[in-house]
Number of protein chains: 4
Amino acid sequence: MDTPHTSIRPATPATSLLARYEAVRSASLALAAPLSAEDCQAQSMPDASPVKWHLAHTTWFFETFLLQPRLPGYTVFHPRYGFLFNSYYNAIGERHPRPQRGLLTRPPLQDVLAYRAHVDEAMARLIPRLDGDRDMEALVELGLHHEQQHQELILTDIKHLLSCNALRPAYVGTPRPCAVVSTARQEWVDHPGGIVQVGHDGDGFCFDNETPLHQVLLRPFRLARRPVTQGEYLAFMDDGGYRRPELWLSLGWDIVRTQGWEAPLYWEYLDETWQAFTLHGMEAIDPDAPVTHISYFEADAYARWAGARLPKEAEWEQIARGHPLEPQANFVETGELHPRAAPAGNDEKAPLQLYGDIWEWTASPYEPYPGFAPPPGAVGEYNGKFMCNQYVLRGGSCATPRSHIRATYRNFFPPDARWQFSGIRLACDA
Amino acid sequence: MDTPHTSIRPATPATSLLARYEAVRSASLALAAPLSAEDCQAQSMPDASPVKWHLAHTTWFFETFLLQPRLPGYTVFHPRYGFLFNSYYNAIGERHPRPQRGLLTRPPLQDVLAYRAHVDEAMARLIPRLDGDRDMEALVELGLHHEQQHQELILTDIKHLLSCNALRPAYVGTPRPCAVVSTARQEWVDHPGGIVQVGHDGDGFCFDNETPLHQVLLRPFRLARRPVTQGEYLAFMDDGGYRRPELWLSLGWDIVRTQGWEAPLYWEYLDETWQAFTLHGMEAIDPDAPVTHISYFEADAYARWAGARLPKEAEWEQIARGHPLEPQANFVETGELHPRAAPAGNDEKAPLQLYGDIWEWTASPYEPYPGFAPPPGAVGEYNGKFMCNQYVLRGGSCATPRSHIRATYRNFFPPDARWQFSGIRLACDA
Amino acid sequence: MDTPHTSIRPATPATSLLARYEAVRSASLALAAPLSAEDCQAQSMPDASPVKWHLAHTTWFFETFLLQPRLPGYTVFHPRYGFLFNSYYNAIGERHPRPQRGLLTRPPLQDVLAYRAHVDEAMARLIPRLDGDRDMEALVELGLHHEQQHQELILTDIKHLLSCNALRPAYVGTPRPCAVVSTARQEWVDHPGGIVQVGHDGDGFCFDNETPLHQVLLRPFRLARRPVTQGEYLAFMDDGGYRRPELWLSLGWDIVRTQGWEAPLYWEYLDETWQAFTLHGMEAIDPDAPVTHISYFEADAYARWAGARLPKEAEWEQIARGHPLEPQANFVETGELHPRAAPAGNDEKAPLQLYGDIWEWTASPYEPYPGFAPPPGAVGEYNGKFMCNQYVLRGGSCATPRSHIRATYRNFFPPDARWQFSGIRLACDA
Amino acid sequence: MDTPHTSIRPATPATSLLARYEAVRSASLALAAPLSAEDCQAQSMPDASPVKWHLAHTTWFFETFLLQPRLPGYTVFHPRYGFLFNSYYNAIGERHPRPQRGLLTRPPLQDVLAYRAHVDEAMARLIPRLDGDRDMEALVELGLHHEQQHQELILTDIKHLLSCNALRPAYVGTPRPCAVVSTARQEWVDHPGGIVQVGHDGDGFCFDNETPLHQVLLRPFRLARRPVTQGEYLAFMDDGGYRRPELWLSLGWDIVRTQGWEAPLYWEYLDETWQAFTLHGMEAIDPDAPVTHISYFEADAYARWAGARLPKEAEWEQIARGHPLEPQANFVETGELHPRAAPAGNDEKAPLQLYGDIWEWTASPYEPYPGFAPPPGAVGEYNGKFMCNQYVLRGGSCATPRSHIRATYRNFFPPDARWQFSGIRLACDA
């Protein structure tokens, strides 16, 4: 997922839109602050992008879709940036090959920062003028959520890059694990099934793939109150989880054998103990923290081993609708870079832990909702064309900006992807 | 799809079961009859298998799952055949690498035929003894449907093999096209939506992936009365269908460019006209015949171009329930090898043309039905473990034995597969 | 090496030429006799070819280069065989892709045999007419040596194919090892160096790559009197030969690690002993037989380990000139198919064992001799264009027709090739 | 070629050795001076390395082979740098994977510069102490020539990297072509052949692969007085050079077709004219400058087209012995970064133009000289293990430090390598 989506309905007055624009744009810079220009340069695999590229591409979005068509007299910062920083919009034109983004040593980071300043200055002029133009405001909002998606990718991609270095360098030094500790005992929340509403109801921003709101018929089911922990996952491993083909989908088993998977990504068995590479460097496994950096294949195999299954996305969403997100800025937005929240998971009030720890694989292939129609033009390429051979994830991770999380949000990745903060929540038939 | 599935309920008395056993087994031999031992030896790609291997593997199924456990005193034909002819059953043990099946020049075809005779003789003794053992009878039935699946693969795989030869040799010489001609004008059949039943109701054989019967909520929709024709598909090609990225899923567009797709598989532009390789050799395109040998990506792009969409499998099934299959043996069963049926498509009575022309790509990823549980043991590997990154096809093709077709049948292939007789039926919202 | 070369000087009167034609052509059929049509169909890797293809390609050579241009009224057997059975002659035109030769189930073997008979009948008419035309007679001679090269390939390719089958079937059942036993103690033969003659002197047939005769300045050297044995090679293995990078060329070490080499091709460690797959099935290693089926990389590493080096081809040739081949037909020519000769290696008279056991890797990259000029036209593609990234082998193996062996013969393969009967003879500076 | 070699004989008094050490080390920094930390970070292909890596690896050489074993009390700069910056010395231990050198964002460039300063300070203490230890002085000399090799690689690798950027950025802005203009008419210099000396005579530094001095027997030959020009190469292209298989080695023709080669690397046909990417950005082709950035395959095909051949390395060396290099520092050593020399090629006195324009492909596979023995230990891995599937180049390019060039120097690359400054000098038999 490089990113995009189209908002369907804007909702924010222009002043607060500008304030939000500035806040989101600043947060990207804060995420890059601990990194050198060299760190921002490299690309560790085709699925990841350099931080510098993320900073430029998100800026290109505003320049291409807002400033060029809408701000009279706007001067393009550089005529070739459109070629360099277009991600996948065929309607916009040719572009630099994705696997070679790490070769773009020019423009240097400082030029990209100047590009950001140039665009931000122009956007500060454009946004107040948009008053009343709901389509344009929606497009700004889309650009901001687009940028928030890339903020998470900045963190996942830099983590992958640093993990390739034998020095195992930390992104930020403070030795705090990224994920919230969860000591709550595993319990279920029940749902009676029936005809339910799925999708976004139009109040506030959403991506096009969350629409239209529609009805789904569910059978009674149960959803786990918290994610699977690292300790529980270790029990799966100790029980031969990675050596028993009967637990795996056929494609997953092929990968287990050819790639030699025997633990989640970033786990290493050192000094007779399991450790994991984190944004803070190598750390011991915390048995009470959610397991993360696993593929759909591993999530599915674990669920089978546990005698349960993964939830369908509609099931997850029903439970989430009853337990709305409590908005509070997290480190991605504050720039404080201490990803670990206070151990909020222990008290009685937040036992469901649905949001902001890990992206939770669902058993739902990524499909269009009934009646889905992408918007016309290039932004229509945001989501729809990726609806094949991917699975939906729900919930939002510790690296997701808190204001970017919502109950109807549909994230999606191929079933073998592991470099995201992806984990497991179990479900079963009631 | 190599094959498997578990029947859930047997229904056939032993005498007719034996008769049916003999009929199905004979049909496989009839399909191989026009082929030399050399033709039966070769494997043209990893997804395909040699005819000899199909003949042996289907036999191995009966030996492994029925004769060895159930026929006292049964002597295994050859101790290493289990290694050579197991397809993908991890529970049974190690096996010969799939991409190298074409290297098995030993055993020779005549030994495989002797293997078949050996097993058939033993099955003729076993089946009458099974009376009353519903599980075992169900397993025989499963083996027969398994063999019918491989009968279709014999035809698709030999077609692919022969197409790789510059001589473009025919499987059988009679110059008759494989697909039924369809001159009916395109019209829609309407469905009001609502809560509908999906899945097999337990009357007669089915694979495990057709169960359990369950309810689905549908919106009103329309389904085309006949498949898309080659003439219609040519219009799509002439309109730049293979050159317009906005029509394609992202993964599909990647393949179009890297593989250079510009027409269905087997089409060649010769002497200023489009021709296609068929089981009868090269033949001119018939504009009124259903287009076939296209991938999901092409079906999806065509539907988008046509302003429609592909049906969901539940939609297809609802219409099919109202228009049951008229059973009549086809060439796969009779061994007459004249695949072309009489032009039945023109009269008033069969205008829907749902069965027996092409496998129709649906917009449904291949998923378990709610509550699906594969049977324990090796036969549980038949279907469930392949439920990832594939799409469901419905209907049955001209190469499918007529007695193997039913309204609830779920075929499945990856979205880039083209060597099956796969085509398009359009749908749209009502 | 698919084949070619151009003879430079014919020498054979027409009657004996025809007799020799018939003898060589018959020998090919005798080699195929123990094989089924299926065995002759399959291709186990891109470097190997099906036996059927070898039988057809050698026939195509005579049809293309002799019958079509020179026999008035000759009718081509089949107009597309030129496309199917051309190996690599760009000057002749397009051709079937090499890695897909195993897909040519048509024409069947019986048609290829009819093709051979058709061409042989025509050649029997043409050869007597050639009397006096030295160029044409030379071309017949070239075609026969070409066919003898393919006779060896028939054996090496069928061996590789059968080795891929878990049944490990024998080519011929008699359990006799292919290679001559050599119990002679390792000793050296000395050469004083100086300016020596290298290349063919024009008496009898040779390929173009053996010309021109030229002078080379050699330093004093010693050449081993017999090849390295399997027992000696086992000592290298036991001493960590495959685990010590300092013994290996860099490219070789890469392959050792990525391919997991730890013994010669075809060796398997079974029941706590080393066995090898042979044309007669699995057999225990014979410590006194020459080691074979090793790459240049392994030969070079062994020599380094042994404190010696591989000979240069000019060194090998000097010794061979002093010890001419005693001509005597071997199994390839007699069709008796008992590759193992009597243990001639033990007596005093044949201690050098230079010919007919294994192809011996030399340290000489395959280069043109000074002044080399390939003949004009398609036959000029026989040798010259392959002079890159290959090494010269000398001597001839147990699978080489005896009449095809001579002291100046230059065989060549890439340094990682192992499926030929290739082994080691040591050399060192004097 | 990553680098190494062992000098056999040191020759420089310690004071001048230190001065030379400082000069060579400074020149590396001067080459990196126009580059940002980001430029120094990226790796454009597995064969190339990041500039930062070159700067660190050359430093690691001195630390590993001199300071650690010989300077009492020396403190290693960082314990993991040995893992990160070892190139290919198996005897030293494990190392970072070569294709991932571009992922080493840590250590940052500034740390690598500190590493250089740390080692340089220690070397300034060690070198004066070495007085009398010829082995150690030879090792310092080896380290300096090793560094000079990497200076050339810095230029070729950064050129390749920058060429991957659609901005086509210049390494240094001054628009001067890199190669010397050569307007001299093509003429031959004759050599009578005979027994000649080849290899280094022991006066001054050389790599181990230039030894031992030995005798070779040559036939009379002629060598072109100047390299092939871009204008001449264009004539080859215009004559269908890239479309005529009869001109090419078989491996070369495969690459021409699969890679789509139709001109030298870096050439682009823009605005109806051929331009080339240079270290100064895009520039029009200069018909009088030597053609460069071509593979052995192209050089060989050109020579065949021109009715000539490539010289053997011994031939080249004989002519070079009679025309010694006039030492004069070039831009690599002065850091002035104006690679283009004064047009010295036009006058009468330097018509041979043997040194310092391009590396000239010879027809000689890279082999050990007779009697070659690499030194013991890790430095023995410098050259010998690469003597396979590479060809020798002679002469030195515009990017080679002038003090690094000599008549006996043997450079080597695989026949498909094009990113070096490699070109053509013709030869023919006399």
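The figures that follow rest on heavy atoms only: side chains count, while hydrogens, waters and symmetry mates do not.
- Taking chain C as the reference chain and counting heavy-atom pairs below 4.5 Å, the highest number among B:L35, B:L84, B:D39 is found for B:D39.
- Residue C:Q110 qualifies as open at atom CD: its count of foreign heavy atoms under 6.0 Å is 12 or below.
- Within 6.0 Å of the CD atom in C:E262, the count of heavy atoms belonging to other residues, nucleotides or ligands does not exceed 12.
- Other residues, nucleotides and ligands place more than 12 heavy atoms under 6.0 Å from the CD atom of C:E121.
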Side chain to side chain contact (heavy atoms under 4.5 Å, CB included) between B:L162 and C:R106, worked out: CA-CA 8 Å; B:L162 296 175; C:R106 318 279 176 95; 4.1 Å; yes
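- Neither the backbone nor the side chain of B:P97 comes within contact range of chain C; no heavy atoms are under 4.5 Å apart.
- Interface residue B:L103: backbone and side-chain heavy atoms are both found under 4.5 Å from chain C.
- Each of B:L161, B:N165, B:L167 was compared with C:L104 under the side chain to side chain contact (heavy atoms under 4.5 Å, CB included) criterion, and only B:N165 meets it.
- Between B:K52 and C:E38, at least one side-chain N (NZ, or NE/NH1/NH2) sits under 4.0 Å from a carboxylate O, which counts as a salt bridge.
- Ranked by heavy-atom pairs shorter than 4.5 Å toward chain B, the options C:A166, C:S36, C:A42 are led by C:A166.
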